Protein chains: 2
Amino acid sequence: METVIPDLEDALHDENLDPDWDSARRLGHQMVDAAIDYLATIEERPVWQPPPPEVIARLSATLPQEPQPAEQVFADFRRDVLPYNQGTVHPRYWGWVKGSGTVIGAFADFLAATMNPNVGGLNIAPVYVEYQVLDWLKEIVGYPREAGGLLVSGGSEANFVGLAVARHAHTQGRDREEGLTSHRPLVAYMSSEGHSSLQKAVEILGLGNRYLRRVPVDENYRIRIDELEKMINADRNAGLQPFCVIGNAGTVNTGAIDPLSDLADFAQEQGLWFHVDGAIGAVANLSPRLRPLLVGMERADSIGLDAHKWLHINYQVGCSLVRDRELQRSTFRLIPPYLERPTRGIGAGPEWPSEYGLQLSRGFMALKVWMSLKEHGAKKYARVIEKNVAQAQYLEQLIEASPRLKLLAPVSLNIVCFRYQPEESSEEKLKALNQELLLRLQESGQAIISSTTLGEKFALRACFTNHRTRKKDVELLVDLVEKIGRDLA
Amino acid sequence: METVIPDLEDALHDENLDPDWDSARRLGHQMVDAAIDYLATIEERPVWQPPPPEVIARLSATLPQEPQPAEQVFADFRRDVLPYNQGTVHPRYWGWVKGSGTVIGAFADFLAATMNPNVGGLNIAPVYVEYQVLDWLKEIVGYPREAGGLLVSGGSEANFVGLAVARHAHTQGRDREEGLTSHRPLVAYMSSEGHSSLQKAVEILGLGNRYLRRVPVDENYRIRIDELEKMINADRNAGLQPFCVIGNAGTVNTGAIDPLSDLADFAQEQGLWFHVDGAIGAVANLSPRLRPLLVGMERADSIGLDAHKWLHINYQVGCSLVRDRELQRSTFRLIPPYLERPTRGIGAGPEWPSEYGLQLSRGFMALKVWMSLKEHGAKKYARVIEKNVAQAQYLEQLIEASPRLKLLAPVSLNIVCFRYQPEESSEEKLKALNQELLLRLQESGQAIISSTTLGEKFALRACFTNHRTRKKDVELLVDLVEKIGRDLA
């Protein structure tokens, strides 16, 4: 098939996508006012409310053909999008594990998008800002500056990168050229409380979920190293190749922190890669009082962490750190002719971040981390993190003081699992009761918590990664749960 | 090792990371003014200038411990970051393949970060906005609404997702559980002009670069299907398993578009997955005049495209589209107990976007696409895309009219490869001359282009994915190249 490229000489006009600058300036001011008003009065609104059918209908319209004024687009946003937000910015949002964002982080995303750099590489300030932010995150977890690192989309990608480097290390670099089809199965180990993103990483890397072992946990939901050792021995005897042990710095169900120091010793003895999933808890290392819980993390070969969780950087930004920088680079580095790096000009400068991960084009995610850490400083961040742990402990006390509430797991960090249980009852009935209670609580718009299952037990689950939460909000949560529970019982 | 969780009762304070609202409002207004001033006067500044040593030194300081005023952080940004930008927002930036961003896209990133939703799922407007944007992108490439899709970080991840689904389809879903270690080698095919991200995807997926075939191209840099067929036959005879053919909708070197309709026929006959890398050219389908070049793309099983390239959405955002929605979902779907979806409450609503890709937590990238497409509309976008093609054709004419410039490849779309060649000379000398010319042009701050290698030839390379470029900028580029060339010769 021969395709003729059309002659577009008549399209040599100068039309572009820029606005009238005065109108854009006015609109920008209106947006800032709307955003500040929204956050400053967030408590006056429900934490969450569902988008009604007419909004959903409008959000199903086909591709707009003709231009419309930016003011109208903003009005559409205020009518159809802003009111039906998730609520992570509200002081009573404790669902799943979500940060609250910072105001300067939102400003930073505006400035970053205004500059519009591609932070895949080149000799530009945004690349240096990213490397500085990576150095700060290394400081936080106790890694040396020489370590490798990359900002990524979140904990899932950070775990994925860590395991990719582990695979690369174990195959002595042959995985890139040869693939895995002629390789013996590689086996990874995590506790039964390990996050689903680790399974996703193992699957995508072609390792196979059946080779990701779930090691039993103790009564505090921490990995049992004796069981881990048994599994590894069995796998070795079966001709498989153990290659990676994963430790949790804060599990998603209960916030449990595996014995990281013991795991580091064990992985070293066994010659295995040691990866720490620190998406939830790694940044608690900012607090001198919480740091003892995380000792051993700094000995990991790789760490995955999140900045949009307990660092409250606005979605999305996570971080992959790898102790051996060159190993991370050799896992991903790929320099075709159109990316050759000269010693002068825009193509010079520091190593390209894109050599350390999946993406070639990369946004300026670093700026919001940079501005937020600069404004607030490490010590204030530490205090706000400690506050969340104190709030989890306070909720634990309130639960234990109530005859109708029952704690379902030890409070290891910032997550509390409990249920409404006015009397002994079957698991089935308690599950139905608490499921309905949870939905009514969410539908009330007063507070958002989520749920999980611990063994056979359905649990209400409150996660304190919210810098806006106050003591009185914790008290209100207990009151609401008790009240809805009474109404249901 | 037993770790005692510290009692943090004394940390039950109410400190948070919120600013003084009036100060934040004032600062936000200053930022809007600075951003609008910056963009409205962008021509008065160099396209690019290197960050000086004192800036680099300041961008190496350790983690700040104490808070500092947000105004000071913004001043640091204006001094150390903004002036050393990449220049994609400047009308004379034509390096690599980078979009220019839109003003409403920058505003949208601010609003998205203010809302701070995690668009991994839940019954919230941002999830509906993402699905609407995906429907619009499907419309643009000619896919049905029923197709699957996901916003991702860019073309690299979009290609990665497409090939992951192809692997999943070919292994009939066994890849997730079994991995690849007991599988016969799977072979993918792309032209020798295929992008490096496709190699990265193949490597990360555990398939092995040696099983990614590079098929020779014709004189227009388009894949030769006769050669492709020979390779597939040879691989089948060798006991390997061909599984995927990749077509380029715009190659990175020259903008060549493979014969997509013929490839679609061929893949269908052979029972192979057909993936189109449309990172550069897929959105040219917006233009009725360019659409004939892309016929066949709409028959692909999966398409990777970028919104931060020729749609000018601010970094970063790309899109993976997969014709068979359930297949994309079954490649990635993973629902642990803490993510179970009820029929009411915040956890209800449409399918979770996180079931279609690597990420669980996901930012609100969709908003900037939504606002920019709403403001400008499809028809204006089409005109601006056509303008860029017209500018590439105009540059081609100016090069052919000059006795000192030589075109090195046909202009297939929006990319022009050429060199300064005042007389016949050795390839080595011409490379040295043009390399130095390129660096001096970049260092002049007057225009940014990049380079590549075509066969043995070092080429200057200008890519028109810039909505701000005017006819006079193209003329200035030719004048600058000629002038620097004369100075060097």
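Proteins come first, then strands; the chains are lettered A, B, ... in the order of their sequence lines, and each starts at number 1. Just so we're clear, the structure is a prediction, and the values are computed from it rather than from any experiment.
Contact of A/P342 with chain B is made through the side chain alone, with heavy-atom distances under 4.5 Å. In this structure, chain B has a heavy atom under 4.5 Å from the side chain of A/Y394, while its backbone stays farther away. Both the backbone and the side chain of A/L17 have a heavy atom closer than 4.5 Å to some heavy atom of chain B. A/I257 does not touch chain B: none of its heavy atoms, backbone or side chain, sits under 4.5 Å away. Of the two parts of B/E139, only the side chain, counted from C-beta on, holds a non-hydrogen atom closer than 4.5 Å to a non-hydrogen atom of chain A. In this structure, chain B has a heavy atom under 4.5 Å from the side chain of A/I104, while its backbone stays farther away. The contact between B/L205 and chain A is made by backbone and side chain atoms together, counting heavy-atom distances below 4.5 Å. For A/N118, the parts lying under 4.5 angstrom from a heavy atom of chain B are both the backbone and the side chain. Only the backbone of B/D175 comes within less than 4.5 Å of a heavy atom of chain A; no side-chain atom from C-beta onward does. The parts of A/F107 that come within reach of chain B are both its backbone and its side chain, each placing non-hydrogen atoms under 4.5 angstrom from that chain. At a 4.5 Å heavy-atom cutoff, the contact between A/V411 and chain B is made by backbone atoms alone. The contact between B/A61 and chain A is made by backbone and side chain atoms together, counting heavy-atom distances below 4.5 Å. Heavy atoms closer than 4.5 Å to chain B are found in both the backbone and the side chain of A/V81. When heavy atoms are compared at a cutoff of 4.5 Å, A/H312 approaches chain B solely by way of its side chain, counted from C-beta outward. Contact of A/F77 with chain B is made through backbone and side chain together, with heavy-atom distances under 4.5 Å. B/L413 does not touch chain A: none of its heavy atoms, backbone or side chain, sits under 4.5 Å away. Of the atoms belonging to B/F332, heavy atoms from both backbone and side chain fall under 4.5 Å from chain A. Proximity to chain B (any heavy atom under 4.5 Å) is restricted, for A/K98, to the side chain, taken from C-beta onward.
Under the 4.5 Å side-chain criterion, counting only non-hydrogen atoms from C-beta, A/N85 is not in contact with B/I124.
Counting heavy-atom pairs closer than 4.5 Å to chain A, the top residue among B/Q393, B/R184, B/M371, B/E177 is B/E177. No other option in A/D7, A/V384, A/D18 has as many heavy-atom pairs under 4.5 Å with chain B as A/D18. In terms of heavy-atom pairs under 4.5 angstrom with chain B, the leader among A/Y128, A/W136, A/F364 is A/W136. Ranked by heavy-atom pairs under 4.5 Å with chain A, the list B/S156, B/G95, B/S361, B/A40 is led by B/A40. Chain A forms more heavy-atom pairs under 4.5 Å with one residue of B/E66, B/R210, B/Q442, B/R470 than with any other, namely B/R210. Of the listed residues (B/D80, B/V119, B/I346), the greatest number of heavy-atom pairs within a distance under 4.5 Å of chain A belongs to B/I346. Per-residue counts of heavy-atom pairs under 4.5 Å with chain A were compared for B/A348, B/P126, B/S100; the largest is that of B/S100. For the options A/D76, A/V389, A/T102, heavy-atom pairs under 4.5 Å to chain B are most numerous at A/D76. Between chain A and the residues B/P185, B/G154, B/G349, the most heavy-atom pairs under 4.5 angstrom are made by B/P185.
Distance check: B/I56 CD1 to A/Q132 CD gives 12.0 Å after rounding to the nearest 0.5 Å. To the nearest 0.5 angstrom, B/N253 atom CG is 7.0 Å from B/R461 atom CZ. Distance CG/A/L122 to CH2/B/W48: 9.0 Å, rounded to 0.5 Å. Atoms OH and CG, on B/Y315 and B/D109 in that order, are 13.5 Å from each other to the nearest 0.5 Å.
Between B/E443 and A/R344 there is a salt bridge, since at least one side-chain N of the basic residue sits less than 4.0 Å from a carboxylate O of the acidic one.
Taking the six-membered ring where the residue is Trp, B/H29 and A/H29 present parallel rings, their angle staying beneath 30° rather than reaching 60°.
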